[in-house]
Amino acid sequence: MPRTPTFSTLRRPMSEQVRVRFAPSPTGYLHVGGARTALFNWLFARHTGGKFILRIEDTDAARNTDAAMQAIYDGLRWLGLDWDEGPLVGGDHGPYLQSERGAIYERYAEKLRASGHVYADENGALRFRLPRKLVVMEDLVCGRIEVDRRKSQNRDGSPEADMTIRRAITDANDASGGWIFHFVNVVDDIEMKITHVIRGEDHLSNTPKHLELFEALGATPPRYAHIPLILNKDGTKMSKRDQGASVDGYIAGGYVPEAVRNFLCLLGWSPKDDREIMPIAEVIERFDPAQINRKAAQFDLEKCDWLNQQHILQMPLETLAGKVEPWLTKAAVNFGTPAAMLPVLALVRERLKKLSDAPAWMDYFFTEDFPFDPEAVAKVLGKPGALDHLRALTAAYAGVTDWNATTLETSLKSAATIAGVKVGEFVHPARLAATGRSVGASLYHTLEVLGRDRTLARFDRALAKLGADKI
RNA sequence: GACCCUAUCGUCCAGCGGUUAGGACAUCGCCCUUUCACGGCGAGAACACGGGUUCGAAUCCCGUUAGGGUCGCCA
């Protein structure tokens, strides 16, 4: 038997402008796997100077809601994945919602009907006569794949039935008479002049069928790159409910988009050296779909958290302030002006794993009415002489003229020496009095930011309160 | 069941015929330090198994096993 491929996926000229697309169906949320698919498409478009197109595959009318589409738009925008053509931005190959492209599908179906590739079955559904030949494709990620379509069969072992491209018209069903994914996907890729299809590996086994459709329509197929799926930490398939599965979760969870995007870049792709924390411009420059891994990646949220912290640490302070602001506002932290917030943020930023951590580390800088952590109180007062040390420190600090971290440290240490105790014996009560807790940034810098008057007033109030509590 | 993809530390990623198998997250230890972090140093931790090919295999080939995917009038 001849092993000649029915057609090749390598016919496209290398010189044409790259056009890639992300084609989600509106299921109500944006899955991280989808987000990564979108990201890889976007990276490839930006790397090559091509176009990134967004197309909504909403042929299943029952699922098509505005809210579901909004989740896709919001998620992509949050990740900074701007599309050059698609809903909201338009373009020359629209409409970009499949639900609005009926006339186009009609035309293509007619073309197939005219050439004898398609027929109506006994129920009235439109079916594509599968050629059932040997299909050879060259996948950018998976390499050369041969599928003998003659051997395709159903679960029960019966030969594969012809592919439905349009549902039968029945009653009561929303999707009745609607077009089927495989067909509209192929038609749109032709119509939108898509040059490269970067999509999840779950479509790899569908691709031969798509290629048969391209051939029947007399069109040159795009090049394909099937990227491995993202699995849960335990290796099982990720579903909607799983931790980290939805992009919404990151937005609500205090992640910075740059970090999540960075994390997603590294799931299945790497620059082949040890670079991990990378600005997006560098990723765009170095991205190559041919270097995408073939192995499914398991999802490790802890590494994402670490990247998030690193991005928080490395971005300009003013940028961080802008991102932290909504979180402070939401927690009713009255930080005054953004400028006033900066010194505080500079002090605590290395403690922030998420933006949502900010209020807890910053609130006591902006109110005198902060709570005292009972555990911290118990711990500090458990040490004999704690309040005496705080009194001695108050007296010493009252005499400090040049109020800064250095003088405060010197003064505290000498007061401790005079009292004949270790520095910690002074530090802990002071921290508790000034912040209400046992953990926080450098005490001296904290007090410097707080200023002389507020510090001394806090010491006095703590002395009164904690002294009273003790009795 | 048929067909397709995959297989390196717990996890992510290097490695593409000759390496003490490298980096990162996580874990543990030490240092820094008033605390919590950040940071620094260090430790433990992997080539799924069996056959080949080769002077020599993590790397190439074939099996086995395991995981994933597809086989819809879902996308």
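Here is the naming used below: chain letters follow the sequence lines, and residue numbers restart at 1 for every chain. Below, all heavy atoms of this structure are taken into account, side chains as well, without hydrogens, waters or symmetry copies.
Using N1 to N3 plus N6-O4 or O6-N4 for Watson-Crick, or N1-O2 and O6-N3 for G-U wobble, each under 3.5 Å, B:A57 pairs with nothing.
Atoms CG (A:L264) and P (B:C12) sit 14 Å apart, rounded to a whole Å. Counting to the nearest Å, the C1' atom of B:C4 and the CZ atom of A:R149 are 12 Å from each other. Taking atom CG of residue A:L130 and atom C1' of nucleotide B:C71, one finds them 11 Å apart after rounding to whole Å. Separating the CD atom of A:E201 from the C1' atom of B:U70 is a distance of 10 Å, rounded to the nearest angstrom. Rounded to whole angstrom, the span from the CD atom of A:Q314 across to the C1' atom of B:C38 amounts to 12 Å. As rounded to whole Å, 15 Å separates atom P of B:U6 from atom CG of A:D202. The distance between atom OH of A:Y444 and atom P of B:U35, rounded to the nearest whole Å, is 10 Å. Computed from coordinates, the A:M238 CE to B:C12 P distance equals 12 Å when rounded to whole Å.
Closest to the A:Q298 side chain, of the nucleotides B:C12, B:U70, B:U35, is B:C12. Comparing B:U35, B:G22, B:C4 by their closest approach to the side chain of A:D274 singles out B:G22. Side-chain proximity of A:Q153 to the nucleotides B:C5, B:A2, B:U70 is greatest for B:A2. Among B:U34, B:U70, B:C38, the nucleotide with an atom closest to any side-chain atom of A:Q309 is B:C38. For A:N206, the side-chain atoms get nearest to B:A75 when compared with the rest of B:A24, B:A75, B:U34. Of the candidates B:C71, B:A26, B:C36, the closest approach to any side-chain atom of A:W361 belongs to B:C36. You'll find that the side chain of A:V147 is closest to B:C4, out of B:C4, B:G68, B:A24. Set against B:A75, B:U34, B:C12, the side chain of A:H428 has B:U34 as its closest nucleotide. Minimum atom distance to the side chain of A:D300 is reached by B:G10, of the listed B:U34, B:C13, B:G10. Nearest nucleotide to the A:R167 side chain, out of B:C74, B:G72, B:C38: B:C74.
Nucleic acid contact class of A:R155 (heavy atoms, under 4.0 Å, all strands): base. At the heavy-atom level, A:A441 lies under 4.0 Å from base atoms of the strands shown. Across all strands shown, A:L231 has no heavy atoms under 4.0 Å from either base or sugar-phosphate atoms.
Side-chain N/O atoms of A:T455 and A:R452 include no donor and acceptor closer than 3.5 Å. Judged purely by distance below 3.5 Å, without hydrogens or angles, the side chains of A:Y96 and A:D188 never pair a donor atom with an acceptor atom.
Nucleotides B:G68 and B:C73 place their C1' atoms 27 Å apart, quoted to the nearest Å. For the C1' atoms, the distance from B:U59 to B:A46 is 15 Å, rounded to whole Å.
Under a 3.5 Å cut-off, the side chain of A:R149 and the backbone N or O of A:P208 do not form any donor-acceptor pair. When atom types are taken as modelled, the side chain of A:N293 and the backbone of A:W269 share no donor-acceptor pair closer than 3.5 angstrom.
If you find the closest nucleotide of RNA chain B to A:Q310 and to A:I292, the one lying nearer the 5' end belongs to A:I292.
Between A:H203 and A:F181, the ring centre distance stays below 6.0 Å.
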